Chemist: 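For reference, the structure I am asking about is given below.
Note: hydrogens, waters and symmetry copies are ignored here, and every other heavy atom, side chains too, is used. Quick caveat: nothing in here was measured; it's all calculated off a predicted structure.
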Amino acid sequence: MSQIVIDIVEEILKKISTITKKLDWPDLPIDLNSPIGDFAVVCFPAAKTLKKNPAEIASEIALEIENIDQVLSAETEKGYCNITIDWNEIVTNVIKEIDHKSYAKTIEKPDRILIEHTSANPTGPFHMGRARNPIIGDSIARLLEYYGHEVATEYYVNDTGRQAATLAFGLSNYETKNEKKVDHELVDAYRIASKLLEEDEIVRKQIYQKMEDIEGGNSETLREVKNSAKRMLEGMEISLKRLGAEANNYFHESDLIANGKVSEVIEALKDSKICKEEDGAYYLDLEGENIAGRNQKFFFTRKNGLSLYTTRDIAYHLYKFKKYDKALNVLGEDHRLQSKLLGIALRELNSKEPIGLFYSFVNLPGGKMSTRAGRVIYLDDIMEKIVELAKHKLDETDLSEIKKNELAEDIGIGSLRYNVLKVQAEKGFTFNMEDALNLQGDSAPFAMYSHARAAAIIRNYSKDMPEVSINGKLSNSEIKLLRTLAKWPGTVQRSVNNLSIHYIPNYAHELAANFNQFYRDCPVIGNENEALRINLVAISKKILKTSLGILGVKAPNQM
RNA sequence: GGGCCUGUAGCCUAGCCUGGAAGGGCGUCUGGCUUCUAACCAGAAGAUCCAGGGUUCGAAUCCCUGCAGGCCCGCCA
């Protein structure tokens with residue numbers, strides 16, 4: 001909450017406590033999320049000791065509380081006494097507080113944080129099953145940066161292992177026609193190679209040889225797989241750019257083999273007290289760690305001495321912690337165990353551990369999406385469709401064609417991001433085209449539209465912003481709007497603490513809804529309370545824009 | 001078999017951490033644009049909060065036991 005509001009609530013609570021003491025009543029619990037007013041005194045617990053019914057207690061305490069200076073009203077409802085603080089007294093200061101650039105940024109010491117997100121295997125275009133990752137990762141990065149941390153983002157490119165070898169094999173053996181966006185074009189070669197890997201013994205041998213060469217550190221092969229991945233990524237990057245979720249840097253897994261970092265990790269892990277060996281393969285014995293309910297052998301080399309995926313991931317994380325204080329990884333839920341094992345291995349090497357942010361998969365009605373099988377809904381297609389839909393809605397407006405296209409892009413992409421972000425990450429969902437393309441209700445355009453309305457009022461006002469002052473009393477819509485604006489710092493804090501991005505779209509919707517009600521009830525221009533209201537519009541606009549910005553959604557001045 | 005995540009109106013979802021009055025949205029129905037932009041607003045209908053037990057004055061929320069769905073349990077990535 002706004003600091004001013006926190007202070008005044010505390011002051012009132014102290015006075016209430018004095019009152020209950022004077023009456024010789026037990027302390028009554030407070031509900032800070034009461035549906036009516038700013039907070040509520042819960043009267044049920046006192047019923048037994050006072051031998052009165054809760055409603056009676058509520059009425060009695062309400063009479064006393066109403067006399068407190070900072071209280072505007074105390075209404076009783078069943079066993080609750082709902083208290084509204086006197087916003088009239090604090091409104092000018094609260095508006096100034098919200099208007100200040102440090103509002104909601106309560107950080108003491110910034111961390112240097114590396115957020116790894118997306119990191120999809122570069123084997124084909126992004127499908128909707130994978131799209132959750134860049135959208136969440138990018139928005140978390142924006143959130144932490146807004147909060148005050150120094151944030152960088154990185155895409156870990158998986159260009160070693162079987163899939164990378166299969167792609168490289170495919171690209172070197174099959175012609176492409178250059179008719180489509182590059183990733184959509186190249187995925188055919190990957191599919192053909194994948195199929196042959198399963199069916200053709202000779203191809204299988206060639207691909208497995210390539211894998212050996214990769215892990216063995218053959219520089220020519222490493223160069224080949226890296227280049228194959230880069231060719232595919234070229235197309236994938238275009239999608240990310242359009243989504244507004246491109247990472248700052250691409251880190252190639254193959255480089256960890258090429259520069260010997262993986263070998264260093266293997267040697268270091270062999271010195272661990274819990275390192276054991278079986279048929280020439282080395283592992284950490286995780287007995288006692290109680291991983292997934294069983295004793296776990298965590299292999300970090302094969303019997304031929306070569307590295308495994310996680311071994312390379314360990315090397316990657318050692319590198320991360322050389323440059324950053326914290327590492328945050330946005331990963332699919334299938335990586336949970338993997339991530340836990342990585343943490344243990346890093347601990348063995350006296351390194352810090354990354355923080356994991358896991359999300360559940362987006363599935364299709366019949367099951368999961370698969371690039372290899374071609375059972376996919378592409379991110380590119382969804383972006384295209386939703387932007388087109390947004391464009392269609394702009395048909396009747398008298399904006400220029402260029403402006404319309406720009407706006408349609410912002411609305412379409414914004415909606416897509418918003419629809420993904422508003423759901424708690426742990427919640428799995430089945431992809432629903434209708435929901436994904438929805439532009440009404442709890443969606444990006446709703447908040448964008450409120451922002452555009454606010455911008456229109458300020459445009460029409462066409463004077464310099466006046467000093468905040470109040471003339472008369474605040475209406476209910478104004479109080480409700482202020483209450484929501486005052487909740488912004490708490491929302492940001494909670495979102496940062498839990499790494500839960502869905503609080504932000506939830507908040508943006510609430511703020512926009514409250515602004516729309518204010519818009520309906522309170523004419524601004526020409527009103528006797530114009531000076532206050534125009535300031536209220538300005539701070540609403542500011543917080544709307546900020547919250548949308550964290551989501552990666554643009555806040556247009558017109559739509 | 002074991003571990004983790006999820007279960008809230010026809011559908012999607014918030015609230016669960018920190019117990020106190022079940023919020024939104026889609027869809028359905030009714031009403032509102034000569035007044036700062038109707039992608040909006042007002043109203044109606046719709047919920048055994050997966051089930052059962054426990055703790056509590058009070059449980060969607062905490063604890064136990066189940067059930068259902070997802071993910072994982074490889075010298076693959």
Side-chain angles (χ1 to χ4, degrees), chain A residues 29-36 40-49 54 77-80 82 121 158 160-164 211 253 278-283 290-294 296-297 299-306 308-310 312-313 332-338 340 358-361 363 368 390 393-394 397 411 419 422-430 432 434-435 438-446 448-450 452-461 494 497-498 502-503 505-506 509-510 512-513 516-517 519-527 533-534 537 558-559:
Chain A
I30 303 298
D31 179 8
L32 289 169
N33 287 313
S34 75
I36 306 159
V41 181
V42 183
C43 300
F44 301 93
K48 215 176 193 176
T49 46
E77 171 84 32
K78 288 181 260 180
Y80 300 93
N82 296 303
N121 287 342
N158 239 283
T160 72
R162 189 174 56 213
Q163 293 192 81
M211 281 166 66
E253 186 181 10
E278 188 176 293
D279 294 337
Y282 288 85
Y283 66 93
N290 194 28
I291 299 295
R294 67 155 80 170
Q296 189 91 25
K297 288 176 183 175
F299 282 92
F300 61 91
T301 78
R302 305 198 212 211
K303 68 178 166 207
N304 62 11
L306 297 177
L308 289 148
Y309 168 78
T310 316
R312 301 188 288 269
D313 210 14
E333 59 178 336
D334 55 335
H335 281 71
R336 281 191 132 107
L337 177 59
Q338 186 61 47
K340 206 166 177 179
F358 301 95
Y359 59 89
S360 295
F361 290 119
N363 290 321
K368 36 167 151 177
K393 285 214 167 195
L394 289 166
T397 59
I411 292 169
N419 284 337
K422 72 176 177 181
V423 181
Q424 193 191 335
E426 296 81 24
K427 214 143 174 162
F429 62 82
T430 304
N432 178 320
E434 214 178 308
D435 286 352
N438 178 31
L439 300 175
Q440 280 170 298
D442 185 8
S443 66
F446 183 88
M448 294 168 90
Y449 184 65
S450 295
R453 277 177 152 183
I457 296 174
I458 290 169
R459 210 167 34 239
N460 292 332
Y461 181 70
R494 218 156 48 104
N497 289 350
N498 303 334
H502 72 281
Y503 296 137
N506 281 210
H509 182 258
E510 188 189 335
N516 287 342
Q517 284 160 26
Y519 184 92
R520 175 199 62 200
D521 295 337
C522 304
V524 176
I525 297 166
N527 186 270
R533 286 183 176 173
I534 194 72
V537 170
Q558 218 184 332
M559 65 185 276

Chemist: Over all strands shown, is A/Glu333 touching base, sugar-phosphate only, or nothing at heavy-atom distances under 4.0 angstrom?
Modeler: base
Chemist: Say you draw a straight line from CG of A/Leu308 to OG1 of A/Thr301; how long is it, rounded to the nearest 0.5 Å?
Modeler: 7.0 Å
Chemist: Indicate, with a heavy-atom threshold strictly under 4.0 Å, whether A/Ala452 touches base, sugar-phosphate, or nothing.
Modeler: base
Chemist: At 4.0 Å (heavy atoms only), tell me whether A/Asn432 reaches a base, stays on the sugar-phosphate, or touches nothing.
Modeler: nothing
Chemist: One character per nucleotide, please: for nucleotides 18-24 of chain B, 5' to 3', B when the base has a protein heavy atom closer than 4.0 Å, S when only the sugar-phosphate does, - otherwise.
Modeler: --BB--S
Chemist: Over all strands shown, is A/Ile458 touching base, sugar-phosphate only, or nothing at heavy-atom distances under 4.0 angstrom?
Modeler: nothing
Chemist: Using the P atom on both, measure B/A21 against B/G58 and round to a whole Å.
Modeler: 14 Å
Chemist: For A/Asn158, which of A/Arg312, A/Glu253, A/Gln163 qualifies under side-chain contact (heavy atoms from CB on, under 4.5 Å)?
Modeler: A/Glu253
Chemist: Considering every strand and a 4.0 Å limit on heavy-atom distances, what is the contact class for A/Met559: base, sugar-phosphate, or nothing?
Modeler: base
Chemist: According to the Watson-Crick and G-U wobble definitions, with both distances under 3.5 Å, which nucleotide is paired to B/A77?
Modeler: none
Chemist: The side chain of A/Tyr449 lies closest to which of these nucleotides: B/A38, B/C36, B/A77?
Modeler: B/A38
Chemist: Using atom P of each nucleotide, how far apart are B/A60 and B/C50 to the nearest Å?
Modeler: 10 Å
Chemist: Using the six-membered ring wherever Trp is involved, compare the ring planes of A/Phe300 and A/Tyr282 and label them parallel, tilted or perpendicular (cut-offs 30° and 60°).
Modeler: tilted
Chemist: Are the side chain of A/Ser360 and the backbone N or O of A/Glu426 linked by a donor-acceptor pair below 3.5 Å?
Modeler: yes
Chemist: Paired with B/A22 by Watson-Crick or G-U wobble geometry, both distances under 3.5 Å: which nucleotide is it?
Modeler: none
Chemist: Looking at A/Arg453, does any N or O in its side chain come under 4.0 Å of the phosphate oxygens OP1/OP2 on B/A39?
Modeler: no
Chemist: Quick check on B/A77: is either OP1 or OP2 less than 4.0 Å from any side-chain nitrogen or oxygen of A/Arg302?
Modeler: yes
Chemist: Specify the closest pair of heavy atoms between A/Glu434 and A/Asn432, including all atoms of both residues, with the distance to one decimal.
Modeler: N-OD1, 2.8 Å
Chemist: Find the distance A/Tyr519:OH to B/A39:P and express it as a whole number of Å.
Modeler: 10 Å
Chemist: Measure from CD on A/Gln296 to P on B/C4 and round the result to the nearest Å.
Modeler: 14 Å
Chemist: For atom C1', what is the distance between B/A22 and B/C64, given to the nearest Å?
Modeler: 25 Å
Chemist: A/Leu306 has an atom CG; how far is it from atom P of B/A77, in whole Å?
Modeler: 10 Å
Chemist: So, is A/Arg520 near the phosphate of B/A42, with a side-chain N or O under 4.0 Å from OP1 or OP2?
Modeler: yes
Chemist: Of all the choices, B/A77, B/C71, B/A14, which nucleotide is nearest to the side chain of A/Phe361 once you look at every atom?
Modeler: B/C71
Chemist: As a test of reading the structure: which of B/A42, B/C57, B/G15 is closest to the side chain of A/Lys48, going by heavy atoms?
Modeler: B/C57
Chemist: Using whole Å, report how far CG of A/Asp435 lies from C1' of B/G10.
Modeler: 13 Å
Chemist: Nearest to the side chain of A/Leu308, which nucleotide is it out of B/A39, B/A77, B/C36?
Modeler: B/A77
Chemist: Starting at atom CZ of A/Phe429, determine the distance to atom C1' of B/C26, rounded to an integer number of angstrom.
Modeler: 15 Å
Chemist: Would you indicate what A/Arg533 reaches in the nucleic acid, counting non-hydrogen atoms under 4.0 angstrom: base, sugar-phosphate, or nothing?
Modeler: nothing
Chemist: Is the base of B/C33 syn or anti, if syn means a glycosidic angle within 90° of 0?
Modeler: syn
Chemist: Applying the Watson-Crick and G-U wobble criteria at under 3.5 Å, what pairs with B/C49? Answer none if nothing qualifies.
Modeler: none
Chemist: Using the P atoms only, state how far B/A45 lies from B/U13, rounded to an integer number of Å.
Modeler: 25 Å
Chemist: Please report the distance separating the C1' of B/C11 from the corresponding atom of B/U18, rounded so that it comes out in whole Å.
Modeler: 32 Å
Chemist: Using the P atoms only, state how far B/G27 lies from B/C16, rounded to an integer number of Å.
Modeler: 28 Å
Chemist: Would you please confirm or rule out a distance under 4.0 Å between OP1 or OP2 of B/G25 and any side-chain N or O of A/Gln440?
Modeler: no
Chemist: Can you tell me how far P of B/A77 sits from CE of A/Met211, to the nearest Å?
Modeler: 6 Å
Chemist: Using modelled atom types only, decide if a donor and an acceptor are shared between the side chain of A/Asp279 and the backbone of A/Ala281 within a distance under 3.5 Å.
Modeler: no
Chemist: Whom does B/A60 pair with, Watson-Crick or G-U wobble, provided both distances fall under 3.5 Å?
Modeler: none
Chemist: With respect to the phosphate group of B/C12, does any side-chain polar atom (N or O) of A/Lys427 fall under 4.0 Å of OP1 or OP2?
Modeler: no
Chemist: When the P atoms of B/A47 and B/C4 are considered, how many whole Å apart are they?
Modeler: 35 Å
Chemist: Under 4.0 Å: is that the gap between some side-chain N or O of A/Arg312 and OP1 or OP2 of B/A77?
Modeler: yes
Chemist: At under 4.0 Å between heavy atoms, what does A/Ile534 touch on the DNA or RNA strands: base, sugar-phosphate, or nothing?
Modeler: nothing
Chemist: Could you tell me how far B/C5 sits from B/U37 if I compare only their P atoms? Round to whole Å.
Modeler: 49 Å
Chemist: Classify the nucleic acid contact of A/Cys522 as base, sugar-phosphate or nothing, counting any heavy atom under 4.0 Å across all strands shown.
Modeler: base
Chemist: Report yes if at least one side-chain N or O of A/His335 is closer than 4.0 Å to OP1 or OP2 of B/A77; otherwise report no.
Modeler: no
Chemist: Which of the following nucleotides, B/C71, B/U13, B/A77, is nearest to the side chain of A/Lys368?
Modeler: B/C71
Chemist: Determine whether any donor atom in the side chain of A/Gln338 lies under 3.5 Å from an acceptor atom in the base of B/A77, or the reverse, and answer yes or no.
Modeler: yes
Chemist: Just to be sure I understand the rule, does A/Glu434 reach a base, reach only the sugar-phosphate, or reach nothing, if contact means heavy atoms closer than 4.0 Å?
Modeler: nothing
Chemist: What is the distance, rounded to the nearest whole Å, between atom NZ of A/Lys303 and atom P of B/C75?
Modeler: 11 Å
Chemist: Should the pair A/Phe299 and A/Tyr283 be assigned to parallel (<30°), tilted (30 to 60°) or perpendicular (>60°) ring geometry?
Modeler: tilted
Chemist: Expressed as a whole number of angstroms, how long is the span from A/Leu337:CG to B/C5:C1'?
Modeler: 14 Å
Chemist: Whether A/Asn516 contacts B/C40 is assessed here as follows: a side-chain N or O lying under 4.0 Å from the phosphate OP1 or OP2. Is that the case?
Modeler: no
